[in-house]
Amino acid sequence: MKKNITKLGTMALVGIMGMGLATTPVSAAQKTTDVFYTTSSAGVDVDGKVVMVVPASVNLTKANAEKEFAVTMQTSDPTSMLPDDFTAKVSVESTNKGKLKIKDGSKEYEYKMTKDGQEVSLATKTDFNTYQASGLGGTASIEKKAIVKVEKDSVDKMENENPGTVFMDTLTFTVDSYSGTGLKLSLIHI
């Protein structure tokens with residue numbers, strides 16, 4: 001009797017293992033992701049009381065061909081406020097003049113940036129926004145949102161490349177001028 005129980009237990013164990021193997025999906029496909037760390041703020045004034053915060057990156061994909069991001073002027077000390085008379089003019093410039101380019105530069109596709117529902121020209125350096133603290137009743141930050149978008153036609157063409165192919169551009173936001181009580185002037189390009 002003991003011998004039959006052992007055989008039955010062994011057969012049950014083999015059956016359970018076989019079921020486990022049958023339900024485990026086998027896949028040879030792999031995908032990788034790059035991880036980057038980029039500082040996302042830089043001091044505007046000499047003392048570092050005000051910083052401009054920009055996203056480290058804006059990642060567009062076939063599934064997400066449009067993304068909103070913010071460029072923010074804020075105090076470096078969250079317990080303080082921007083001067084009531086704070087004003088800063090910020091411009092933006094595209095390295096590739098509004099095109100996403102493959103690394104070797106052989107292929108490029110247009111993308112657009114909009115702010116307040118209006119297209120922002122990326123063909124040349126252009127005004128992005130004038131930040132003003134007046135009328136806000138004391139604030140530690142002022143944010144301006146924008147959207148970058150790749151049209152379906154460009155997405156379809158980029159998707160014809162090998163998986164993992166990267167098309168990129170760099171947007172440079174520059175504080176062209178600023179003023180405010182208590183701030184020491186020093187123009188810094190970011």
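- Using bins of under 30°, 30° to 60° and over 60° for the plane-to-plane angle, the ring pair Phe173/Phe128 lands in the perpendicular bin.
- Within the 3.5 Å criterion, the main-chain N or O of Ser141 finds a donor-acceptor partner in the side chain of Thr139.
- Salt bridge status for Asp116 with Lys145: absent, with no side-chain N to carboxylate O gap under 4.0 Å.
- Without hydrogens or angle criteria, Thr114 side chain to Gly117 main chain gives no donor-acceptor distance under 3.5 Å.
- Under the 4.0 Å criterion applied to side-chain N and carboxylate O atoms, Lys125 and Glu93 are not assigned as salt-bridge partners.
- Looking at Lys89 and Tyr178, their side chains never come closer than 4.5 Å, going by heavy atoms from C-beta outward.
- Side-chain contact check for Val148 versus Glu66: every heavy-atom pair is 4.5 Å or farther apart.
- Donor-acceptor pairing under 3.5 Å is recorded for the side chains of Asp85 and Thr181.
- Within a 6.0 Å sphere centred on CG of Asp84, other residues, nucleotides and ligands contribute 12 heavy atoms or fewer.
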*Where do Lys144 and Lys115 land on the side chain to side chain contact (heavy atoms under 4.5 Å, CB included) test, with the steps shown first?*
CA-CA 8 Å; Lys144 178 47 79 178; Lys115 178 186 68 116; 3.8 Å; yes
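- A continuous path of ILVMFWY side-chain contacts below 4.5 Å connects Ile142 to Val71, so both sit in one hydrophobic cluster.
- Rounding to the nearest 0.5 angstrom, the gap separating the CG atom in Leu100 from the OG atom in Ser94 is 8.5 Å.
- The shortest distance between side-chain heavy atoms of Ser57 and Phe69 does not fall below 4.5 Å.
- Within the 4.5 Å cutoff, the side chain of Lys112 has no heavy atoms near those of the Val120 side chain.
- You'll find the ring centres of Phe86 and Tyr131 outside the 6.0 Å limit.
- A side-chain donor-acceptor contact under 3.5 Å links Asp169 to the backbone of Asn96.
- The two residues Ala70 and Pro55 have their closest heavy-atom pair at O-CD, 3.4 Å.
- The two residues Ser80 and Thr75 make their nearest non-hydrogen contact at O-OG1, 3.4 Å.
- A distance of 11.5 Å separates CE in Met168 from CG in Leu60, rounded to the nearest 0.5 Å.
- Other residues, nucleotides and ligands place no more than 12 heavy atoms under 6.0 Å from the NZ atom of Lys62.
- Linking ILVMFWY side-chain heavy atoms closer than 4.5 Å, directly or via other members, places Ile102 and Leu122 in a single hydrophobic cluster.
- In this structure, Val155 and Val150 approach most closely via the heavy-atom pair CG2-CG1, 3.6 Å.
- If you check the side chains of Asp77 and Thr79, you find a donor sitting under 3.5 Å from an acceptor.
- Closest heavy-atom contact between Asp45 and Lys184: CB-O, 3.4 Å.
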_Between Met113 and Ile147, does the side chain to side chain contact (heavy atoms under 4.5 Å, CB included) criterion hold? Intermediate values first, please._
CA-CA 5 Å; Met113 182 169 75; Ile147 296 172; over 6 Å; no
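- Looking only at distances, a side-chain donor or acceptor of Lys67 sits under 3.5 Å from a matching main-chain atom of Asn59.
- Looking only at side-chain heavy atoms (C-beta outward), Leu183 and Asp47 stay at 4.5 Å or farther from each other.
- Contact check for Thr165 versus Asn162: side-chain heavy atoms found under the 4.5 Å cut-off.
- Scanning both residues, Pro83 and Ala133, for their nearest heavy atoms gives O-CB, 3.4 Å.
- Atom NZ of Lys152 sits about 11.5 Å away from atom NZ of Lys157, to the nearest 0.5 Å.
- Residues Glu161 and Lys107 have side chains in contact (heavy-atom distance under 4.5 Å, counting atoms from C-beta outward).
- Closest approach of Leu136 and Gln132 over heavy atoms only: CD1-O, 3.5 Å.
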*Candidate pair Val58 and Glu68, rule side chain to side chain contact (heavy atoms under 4.5 Å, CB included), full reasoning*: CA-CA 8 Å; Val58 178; Glu68 184 178 66; over 6 Å; no
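- Between the NZ atom in Lys97 and the OG1 atom in Thr124 there is a gap of 7.5 Å [rounded to 0.5 Å].
- Under a 4.0 Å N-O distance rule, the pair Glu110/Lys99 qualifies as a salt bridge.
- Here the side chains of Val90 and Met73 are in contact, with some heavy-atom distance below 4.5 Å.
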